[in-house]
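Below is one structure, written out as structure tokens, with a few remarks after it.
Atoms within a ligand are numbered from 1 in the order they appear, just like the ligands themselves. These figures come from a predicted structure and were not determined experimentally.
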Amino acid sequence: MKKIESKERQKLKEQYPLLNKLISLEEVFWMNPNIEKFQTGIKKSPLTNDAVRDAEERLKRFAPYIAKVFPETKETNGIIESPLVKIPDMKRSLEQGYQQAILGELLLKCDNQLPISGSIKARGGIYEILKHAENLAFQHKMLTLQDDYSILDSDKFRNFFSQYSIAVGSTGNLGLSIGIISAKLGFNVTVHMSADAKQWKKDLLRSKNVKVIEYEADYSKAVEEGRIQADSDPTCYFVDDENSHDLFLGYAVAASRLKKQLEELEVTIDENHPLFVYLPCGVGGGPGGVAFGLKLLYQDHVHCFFAEPTHSPCMLLGLMTGLHDKVSVQDFGIDNVTDADGLAVGKPSGFVGKTMEPFLSGNYTVSDEQLYMLLKELVDTEGIHLEPSALAGMIGPTKLCNEGTDYLQKHNLKEKMSNGTHIIWGTGGSMVPEEMMTQYYQTGLKLSLEKQK
Ligand SMILES: *Cc1c(COP(=O)(O)O)cnc(C)c1O
């Protein structure tokens, strides 16, 4: 990829003064100036409501198979879904800690508890592999729409899928998701892992017969290598985290499920009851897909914000400059080094950035220190264990109420805030080994004590 020349860099810094704060790794809050009314924005979208419904139907067809091979999904009849819970004690703690009232109710979407791979990647990643498996089985007349898909749990199908391979590049969580489901179906699967991927994730995958290749470089390099491997082998299918519409649609299915959960909790979302959703963002597919699905359902009544580490603000950089995947944080000397697994991405998805441009409310960054302190606080107040990246959303309501007043004003939301609902998307955590989680907690505790001094 062509590097940004220093003259152009200088020009961008003058045009977008917030860039200087990004470069000095300060936390920032950015309002998207290109947001549009849903009805005009959706006309530009490459994806439709029908595509999301199609993905939802496909996941229903696979549910009998999922329930059979992953017994932890029996209770939900093979539907991979997570709880939505109120977190009033955490809300109180945030209000005290940051001396900032949060108007409206605070809820946590617990994707850390998603079965099979314990993170948001159990949505898009698993969906894409199921779709590929279905396509292959259809092509070879081994499966019809009328079949009970639990027949896929057989040597006949495993032998069939073993003629094919799957490749993916990942910082860890996508690899877990793709690796586990692909191996279960019988595929030969290779995960290309970036340098920041955790050892326990590699070990876990190898124990499940997944081939893991390690790189010294970051996520973009791991993806590139995966793509090269797949290109040289016609039986290999590459899961393209940077461009995949299927991943995006798998994530988008979350929205209709969330709508049901909100109704069960008797939470109203309408003109006078706004919904705010805060989503940790890496390359963009996960948060983009979920936000897209939510916009289809709630249109202008939902306001979605992406959250990124101060060291990896790739989506914010791409959206703000309009350069999308033509720019990386490294172009501006930002190191892309963060403890937030899944968010250590230097170059955003161009597809997601362009698709979300009319719909996204804004974007903000958060420091690793903050993530650890929020992690500790959520354990203390609610007894919920998330991994550091999954806490990036948690500071969103505080930032919106404090730094986002222009946004609230512009969208006529000020008077409606006390009727509103904030959902923090808790994107991962349940697979993290206990001793690792204890270390995270201790780091948060230490930082909190230092802050109090
Ligand atoms: C991957 C991931 C994200 C972000 O998803 P992207 O599709 O990369 O933007 C957020 N949180 C966790 C825990 C993740 O693993």
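- Rounding to the nearest 0.5 Å places NE2 of His385 at 8.0 Å from CG of Leu375.
- Around the CG atom of Asn34, the shell of radius 6.0 Å holds more than 12 heavy atoms that belong to other residues, nucleotides or ligands.
- Against a heavy-atom cut-off of under 4.0 Å, Pro280 is close to the following atoms of ligand 1: 4 (C), 10 (C).
- Atom 5 (O) of ligand 1 has as its closest protein heavy atom Pro287 CD, 3.6 Å.
- Among Val432, Asn173, Leu174, the residue whose heavy atom lies closest to atom 15 (O) of ligand 1 is Asn173.
- Atoms of ligand 1 found under 4.0 Å from any heavy atom of Ser389 (numbered from 1 in listed order, with element): 13 (C).
- For a threshold of 3.5 Å applied to N or O pairs, the pair formed by Val283 and ligand 1 contains at least one separation below that value.
- The nearest heavy-atom contact from the protein to atom 4 (C) of ligand 1 is Gly282 N, 3.5 Å.
- Comparing heavy-atom distances from atom 9 (O) of ligand 1 across Gly286, Gly284, Ser119 singles out Gly284 as nearest.
- Under the ring pair (Phe, Tyr, Trp, His ring centres under 6.0 Å) rule, Phe292 has a single partner from Phe248, Tyr251, Phe38, which is Phe248.
- Neither the backbone nor the side chain of Ala390 has a heavy atom within less than 4.0 Å of ligand 1.
- Remark: Gln199 CD is packed, more than 12 non-hydrogen atoms of other residues, nucleotides or ligands lying under 6.0 Å away.
- The number of heavy-atom neighbours closer than 6.0 Å to CD of Glu450, taken from other residues, nucleotides and ligands shown, is above 12.
- Checking only distances, Gly285 does come within under 3.5 Å of ligand 1, N or O to N or O.
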Give the table of side-chain donor-acceptor pairs shorter than 3.5 Å for residues 176-186, with sequence neighbours excluded, one pair per line with atom names and distance.
unit_1	atom_1	unit_2	atom_2	d
Ser177	OG	Lys121	O	2.7
Ser182	OG	Ile178	O	2.6

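- Polar contact with ligand 1: absent for Tyr251 (N/O pair, distance under 3.5 Å).
- In Lys211, the NZ atom is not crowded: 12 or fewer heavy atoms of neighbouring residues, nucleotides or ligands sit closer than 6.0 Å.
- Proximity of a side-chain donor or acceptor of Thr171 to a complementary backbone N or O of Gly342 within less than 3.5 Å is detected.
- Each ring-ring contact (aromatic ring centres under 6.0 Å, His included) pair with one or both residues in residues 175-196, not counting sequence neighbours, appears once here: His132-Phe187, Phe161-Phe187, His192-Tyr215.
- Protein heavy atom in closest approach to atom 14 (C) of ligand 1: Lys121 NZ, 2.8 Å.
- Scanning the protein heavy atoms around atom 12 (C) of ligand 1, the nearest turns out to be Thr427 OG1, 3.4 Å.
- Counting heavy atoms under 4.0 Å from ligand 1, residue Val345 does not touch it at all.
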